[in-house]
Amino acid sequence: MKVMELKLLTRGVVFFLLAAAVRAQVNPEMCRYPLGMTGGQIQDEDISASSRWSESTAARFGRLDFDNGDGDGAWCPDIMSEPDGLKEYLQVDLRSLHFVTLVGTQGRHADGMGNEFAQRYMIKYSRDGSKWVDWSDRKGRQVIEGNRNAYDVVLKDLEPPIIARFVRFMPVTDHSMIVCMRVELYGCEWLDGLTSYSIPDGHQMIYRGLDVYFNDSVYDGALAERLTKGLGQLTDGTWGLDDFLHSHIYSMWPGYDYVGWNNKSFTKGYVEMIFEFDRVRNFTSMKVHCNNLFSRGVRMFRQASCYFRSGPDWEADPVTFRPTVDRVSQIARFVTVPLGDRTASGIKCRFHFSDLWMLFSEVAFQSGSAVYNTSLTPRKHGHPTNTLPGEDPTHKLDDSNTRILIGCLVAIIAILLTIIVIILWRPGGPKSFDASRRILDDELTARLAIQTQAFSSHHSSLSTEDGSTSNSTYERIFPLCADYQEPSRLIRKLPEFAQSMEHLGGSDGAPHYAEADIISLQESSDSRSPSITAVNMNLFAGTDSSMKEFPRDKLTFKEKLGEGQFGEVHLCEAEGMQDFLGEDLSLEGNNESLLLVAVKTLREDANKNARNDFLKEIRIMSRLRDPNIVRLLAVCVDTDPLCMITEYMENGDLNQFLCDLRLKEATEEDKAEQEEKEGESMVSYSKLIGMAVQIASGMKYLSSLNFVHRDLATRNCLVGKNYTIKIADFGMSRNLYRGDYYRIQGRAVLPIRWMSWESILLGKFTMASDVWAFGVTLWEILTLCKEQPYSQLSDEQVIENTGEFFRDQGKQVYLPKPPCCPERVYTDLMLSCWRRNAKQRPSFQEMHTQLMESLA
Ligand code: ADP
């Protein structure tokens with residue numbers, strides 16, 4: 001299309017639409033302005049929440065499509081402990097009554113770092129801040145289907161719309177999990193100012209054997225013979241059709257659009273309605289939408305008498321209006337009742353019958369200069385246009401040109417895309433597609449090569465740097481350039497890659513592999529690494545108030561158990577620990593006054609980052625309760641040094657434990673002898689699988705919370721009595737196992753040998769990448785940790801191999817089958833954890849079952 005033609009078309013459309021713009025009653029089709037979560041018109045102090053996971057996920061960060069950099073990308077409540085408990089909410093105060101027609105929700109994406117979203121949610125609203133109403137759709141359903149990934153905006157029409165000042169979004173979950181939300185409300189100011197109407201409930205008509213209900217089915221106040229203190233169908237912006245048996249709204253009952261009354265039930269010959277307003281107003285008119293199907297006994301009212309009230313009493317002199325009753329046309333219409341500029345905060349109108357039935361579908365008021373400006377706003381499906389702070393979105397006409405232009409441009413782009421698709425699908429098309437695919441693959445390979453070079457060159461200088469940094473806290477960043485940190489950016493750049501993302505389960509339809517981001521990307525003091533700061537994740541910052549402070553003087557040092565990232569771990573005797581244990585905790589010896597515990601202490605000279613990470617680990621652990629997760633019992637954080645007290649695991653970490661063992665050969669001859677040896681230095685295959693079962697069970701629990709561990713490995717599991725295994729280390733990294741981590745440019749340490757290809761290349765950590773790490777952990781267990789995974793490959797070669805997993809040309813190297821591992825366990829389980837397509841990897845639930853079965 002030529003530019004000139006486009007201009008003319010645009011101008012024409014603009015004039016046409018402007019001419020039709022101004023109305024006197026709210027029109028839900030037009031009243032769809034973003035109310036200011038994204039644009040900033042809604043102030044931070046007007047956004048509140050029931051709780052927050054941390055300061056950086058406070059309510060003010062719950063703005064749709066908005067990231068001012070200092071938060072973690074969304075509002076996240078405290079962990080949703082009660083399924084459908086509906087305790088948690090994000091509340092928006094619109095400061096005045098608004099007609100809300102549409103809501104938008106989004107999850108926490110945080111530049112690819114987050115993956116929490118609300119799959120379902122409910123809405124509550126209030127006009128006065130004290131009386132709250134649960135919103136439900138016209139069929140009575142309260143739950144709204146929300147997001148399916150962390151980044152897309154999902155818009156939902158509110159049918160019926162809401163008239164409210166306060167709106168709450170309440171995530172709904174099936175089980176305990178972490179959800180995060182960003183929201184926007186769309187609508188316009190409720191210029192009517194009507195806060196409630198009171199009417200006699202509607203009647204039922206039998207028309208030719210058909211039940212026709214004229215009740216106010218969406219009334220949100222008190223329901224009795226007379227409806228009071230609410231708003232409903234008369235203010236929902238939906239006007240009835242000429243034939244009251246039919247409705248605008250699909251599959252509703254006959255008469256749905258109207259509230260109606262039968263003359264016979266009213267001895268005085270009129271229906272009395274009382275309207276209450278937010279303040280004293282100067283009323284010019286009232287518009288009543290009436291049905292007039294007189295062939296069926298329905299007619300508009302013959303007379304309306306309205307009384308006014310500004311104080312406690314009704315004024316004596318009403319305004320009376322007698323419309324010309326139309327005896328010719330049966331068309332439903334708005335009848336305008338002039339109100340003579342009377343001042344009132346309450347109006348009582350008596351509508352007199354002129355036939356057997358009187359049916360109303362809408363009542364609207366005009367007061368002072370309040371006239372709805374129904375300029376153009378995209379009806380739906382569009383991404384909301386942001387408005388600048390300070391602009392009043394409900395009084396905007398002048399952006400319509402821009403909106404139309406954008407609309408036209410979108411249409412042109414759509415046409416161009418269609419043409420491109422047609423070209424691609426022409427015979428010969430796939431060939432060129434292949435070529436472009438090859439180029440893109442090459443591009444990626446080149447990028448990988450460059451990155452690898454960067455890694456290698458830097459890695460070689462690590463030995464000198466290492467000594468100086470070995471005691472500093474770890475940081476995680478994503479290894480590749482910014483594009484690779486956010487899958488969606490990659491998708492945009494590499495259309496063919498988008499396809500592979502589909503297969504990865506990274507887009508819609510994916511199982512809820514949401515990330516809880518236990519990642520610790522520290523506020524870097526190094527100004528050369530802004531990327532770290534940009535993706536800084538403080539989801540778990542702060543301490544958990546529910547974790548009890550233990551008196552230090554009741555801890556008696558026994559021995560040093562090990563040295564960790566933060567400091568030393570000591571075995572201590574704790575006196576009076578029973579009082580600190582929850583009822584659900586059954587620790588051996590907990591009925592005795594002295595209990596052996598492990599006390600992890602933060603080094604005295606630890607910097608602020610290490611301190612924050614330590615507190616973060618406390619916060620994470622305090623929320624986890626599972627027999628296969630190491631339990632935090634109490635803390636000492638009132639004074640330095642900070643300590644966390646966890647249950648004591650007699651046999652230390654699983655890596656060391658297995659490393660010291662030998663596999664028992666299960667041959668009949670030497671069985672008795674082997675049994676004797678077991679417990680000293682021998683372990684059977686079934687015991688090993690028993691360990692894997694326990695890890696799978698702990699991970700199953702974490703996945704039920706949408707919690708991604710990111711660092712599952714034998715070194716991060718602890719062993720108690722009788723081969724009890726518990727997952728630990730929610731802080732990542734050990735000095736002892738420094739070799740398992742790959743340090744990038746002196747800033748990041750990554751357990752690359754346990755990481756999925758998409759975690760390394762795309763920075764994507766999900767339950768599916770934890771599944772990958774579980775496969776490696778299982779391999780470690782079955783090889784009794786005698787060697788590091790891919791021990792024959794250097795770190796750089798491991799990253800090269802990751803590239804092969806991405807390219808999927810059969811050149812990738814898999815960990816070999818451990819000698820004791822049955823073929824089926826290797827192919828059905830271990831290898832399935834390393835499938836390229838994350839969607840095709842098994843869940844922890846499935847692996848747990850499979851491993852249990854292999855034991856039987
Ligand atoms: P890091 O912080 O480097 O991940 P940790 O501080 O968790 O390491 O642990 C260091 C060592 O202390 C472990 O290797 C283990 O041997 C020992 N340890 C830690 N926690 C416990 C515990 N709860 N019971 C027994 N030993 C433990």
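Every number for a ligand or one of its atoms is a count from 1 in the order of the listing.
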(request) Answer yes if the side chains of Ser843 and Gln845 hold a donor-acceptor pair under 3.5 Å, and no otherwise. (result) no

(message) List ligand 1 atoms under 4.0 Å from Glu647, heavy atoms only on the residue side.
(response) 22 (C), 23 (N)

(message) Looking at ligand 1, would Glu650 count as a contact under a 4.0 Å heavy-atom criterion?
(response) no

(message) For ligand 1 and Lys600, I'd like to know whether there is a polar contact (N/O to N/O, distance under 3.5 Å).
(response) yes

(message) Nearest non-hydrogen contact with atom 15 (C) of ligand 1 belongs to which option: Leu718, Asp729, Val569?
(response) Leu718

(message) Between Arg611 and Asp640, does any NZ, NE, NH1 or NH2 come within less than 4.0 Å of an OD or OE carboxylate oxygen?
(response) yes

(message) Check this for me - ligand 1, Glu563, N or O atoms closer than 3.5 angstrom, yes or no?
(response) no

(request) Report the relative orientation of the aromatic rings in Phe806 and Trp757; use parallel for angles under 30°, tilted for 30 to 60°, perpendicular for over 60°. (result) tilted

(message) Can you name the atoms of ligand 1, numbered from 1 with element, that are less than 4.0 Å from a heavy atom of Thr646?
(response) 23 (N)

(message) Does any part of the side chain of Glu549, heavy atoms only, come nearer than 4.5 Å to the side chain of Val635, both counted from C-beta?
(response) yes

(request) State whether the SG distance for the cysteine pair Cys643/Cys636 is less than 2.5 Å. (result) no

(message) Is the shortest side-chain heavy-atom distance between Arg753 and Asp795 below 4.5 Å?
(response) yes

(request) Considering the heavy atoms of Tyr648, write down every atom of ligand 1 situated less than 4.0 Å from one of them. (result) 24 (N), 25 (C)

(request) Flag Asp653 as yes when one of its N or O atoms lies below 3.5 Å from any N or O atom of ligand 1, and as no otherwise. (result) yes

(message) Please determine whether the number of non-hydrogen atoms from other residues, nucleotides or ligands lying under 6.0 Å from atom NZ of Lys558 exceeds 12.
(response) no

(request) Mark up the atoms of ligand 1 that fall under 4.0 Å of a heavy atom belonging to Leu561, in ascending order. (result) 25 (C), 26 (N)

(request) May I ask whether Val630 has any heavy atom positioned less than 4.0 angstrom from an atom of ligand 1? (result) no

